[in-house]
Each structure stands twice: as C-alpha cells, then as structure tokens.
Amino acid sequence: QVQLVESGGGLVQPGGSLRLSCAASVSISSISGMGWYRQAPGKQRELVAGAGNLGRTYYANSVKGRFTISRDNAKNTVYLEMNGLKPDDTGVYYCNRVVFVSGRAMGAPYESWGQGTQVTVSS
C-alpha cells in the first residue's frame with residue numbers, strides 16, 4: 001500500500017509563495033503520473049496539477065502560470081511550487097496518482113490518501 005506524506009503548508013499573505021512536498025513510500029519512477037489535489041472548505045477535492053514521467057505537466061486553469069509541479073524520482077518526492085497565492089487557493093493539499101489522457105491529467109488516486117497539508121492565504 002502506498003503511503004503519501006505531504007508537508008510544507010502554512011499561513012501566507014496574498015501574493016506570497018509556498019513550496020509543498022510529497023514523499024512516497026514506494027518508488028514513483030514506475031508511476032506514470034503524480035499530481036496535487038486540493039480541497040477547499042465546503043468544496044469537493046479537485047485536481048490542480050499533474051506531472052508525468054516523460055516531462056508532461058498539467059495545470060488547472062485557476063493555477064496556470066502561478067504553480068509549478070515537479071517530481072524527483074530518485075527521492076520519491078513530488079513538489080508543488082506556488083507563487084502569487086490568492087485567498088481562493090486556501091485548502092488542504094494532497095498528492096496522489098493521476099493519469100494523462102489526451103494530454104490532460106485526470107484523477108486516478110490510490111484508495112489511500114495522506115493527511116494533506118493545510119494552505120491558508122489570508123491577510
């Protein structure tokens with residue numbers, strides 16, 4: 001069973017930056033796609049970014065140009081660099097598997113989720 005541990009969240013002012021990390025308990029080099037999801041208060045979990053093994057990336061329109069996803073297969077870690085943060089980015093961020101279909105990442109999470117990391121954007 002894959003275990004995922006997210007970290008790096010916090011409280012930040014609008015316009016600020018954070019870097020999230022996700023450490024996996026298994027080698028991610030064999031996982032074709034990994035992504036970051038977020039769940040805002042009172043809303044469903046949504047996929048915000050995905051990274052494929054061949055350098056493919058996907059971003060939701062709401063974060064495009066502000067967030068950058070990367071993966072280090074040697075460290076079994078996935079990162080999310082978040083810049084220009086907005087109050088709407090507030091939520092709990094999770095990493096999990098994705099699949100790429102026609103160039104777009106789609107959620108394909110493992111049954112188990114990590115505890116997530118809280119991101120709060122507020123002045």
Side-chain angles (χ1 to χ4, degrees):
Q1 185 175 0
V2 178
Q3 291 184 326
L4 301 163
V5 180
E6 300 90 350
S7 62
L11 172 64
V12 63
Q13 292 186 341
S17 300
L18 284 173
R19 188 192 194 206
L20 307 184
S21 298
C22 168
S25 62
V26 299
S27 172
I28 65 171
S29 60
S30 61
I31 304 175
S32 62
M34 289 294 293
W36 283 93
Y37 302 73
R38 75 180 173 198
Q39 187 163 21
K43 295 186 178 181
Q44 288 189 332
R45 195 173 295 173
E46 61 173 341
L47 176 64
V48 296
N53 251 337
L54 301 178
R56 292 173 297 182
T57 56
Y58 162 82
Y59 298 97
N61 287 335
S62 59
V63 307
K64 199 172 294 183
R66 300 187 296 121
F67 289 11
T68 303
I69 186 172
S70 60
R71 54 189 291 172
D72 186 336
N73 288 349
K75 295 182 178 180
N76 298 324
T77 302
V78 184
Y79 303 98
L80 186 67
E81 187 78 33
M82 305 188 295
N83 298 308
L85 283 163
K86 305 176 181 179
D88 283 349
D89 296 318
T90 294
V92 181
Y93 284 70
Y94 305 86
C95 70
N96 214 314
R97 185 178 57 181
V98 302
V99 293
F100 278 81
V101 179
S102 299
R104 174 176 176 169
M106 300 182 68
Y110 294 108
E111 186 174 342
S112 62
W113 292 83
Q115 84 288 348
T117 185
Q118 175 72 46
V119 172
T120 302
V121 185
S122 175
S123 56

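Side-chain atoms of Ser27 and Ser29 include a donor-acceptor pair closer than 3.5 Å.
The backbone N or O of Ile28 sits less than 3.5 Å from a side-chain atom of Arg71, completing a donor-acceptor pair. At distances below 3.5 Å, at least one donor-acceptor pair connects side-chain atoms of Gln115 with backbone N or O atoms of Glu6. At least one donor-acceptor pair under 3.5 Å links the side chain of Thr90 to the backbone N or O of Val121.
Between Ala51 and Ile69 the shortest heavy-atom distance is N-CD1, 3.7 Å. Between Pro41 and Gly91 the shortest heavy-atom distance is CD-CA, 4.5 Å. Listed here is the closest heavy atom pair of Ala49 and Tyr59: CB-CD2, 3.8 Å.
The line from CD of Glu81 to CZ of Phe67 is 10.5 Å long, rounded to the nearest 0.5 Å. Here Ile31 contributes atom CD1 and Tyr110 contributes atom OH; the two are 3.5 Å apart, rounded to the nearest 0.5 Å. Rounding to the nearest 0.5 Å places CD of Gln39 at 9.5 Å from CD of Glu46. Rounded to the nearest 0.5 angstrom, Met106 CE and Phe100 CZ are separated by 11.5 Å.
Taken together through direct or relayed side-chain contacts under 4.5 Å among Ile, Leu, Val, Met, Phe, Trp and Tyr, Leu47 and Tyr94 form part of one hydrophobic cluster. When the side chains of ILVMFWY residues are joined at heavy-atom separations under 4.5 Å, either directly or via intervening members, Met34 and Tyr37 end up in two distinct hydrophobic clusters. Note on Val98 and Val78: separate hydrophobic clusters, where clusters join Ile, Leu, Val, Met, Phe, Trp and Tyr whose side-chain heavy atoms are under 4.5 Å apart, directly or indirectly.
Under the 6.0 Å distance and 45° angle rule, Arg104 does not count as a cation-pi partner of Tyr58.
The number of heavy-atom neighbours closer than 6.0 Å to CD of Gln3, taken from other residues, nucleotides and ligands shown, is 12 or below.
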request  = Begin from the C-alpha positions of Asn53 and Asn73 and carry the test side-chain contact (heavy atoms from CB on, under 4.5 Å) through to its verdict.
outcome  = CA-CA 9 Å; Asn53 251 337; Asn73 288 349; 2.9 Å; yes

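Residues Val63 and Trp36 fail the side-chain proximity criterion, which asks for heavy atoms closer than 4.5 Å. Residues Thr68 and Thr57 fail the side-chain proximity criterion, which asks for heavy atoms closer than 4.5 Å. In this structure, Val12 and Ser17 have side chains that are not in contact, with every pair of non-hydrogen atoms separated by 4.5 Å or more.
The only member of Leu20, Asp89, Val119 that meets side-chain contact (heavy atoms from CB on, under 4.5 Å) when paired with Arg38 is Asp89. Partner of Trp113 under the side-chain contact (heavy atoms from CB on, under 4.5 Å) criterion, out of Val2, Leu4, Asn96: Asn96 alone.
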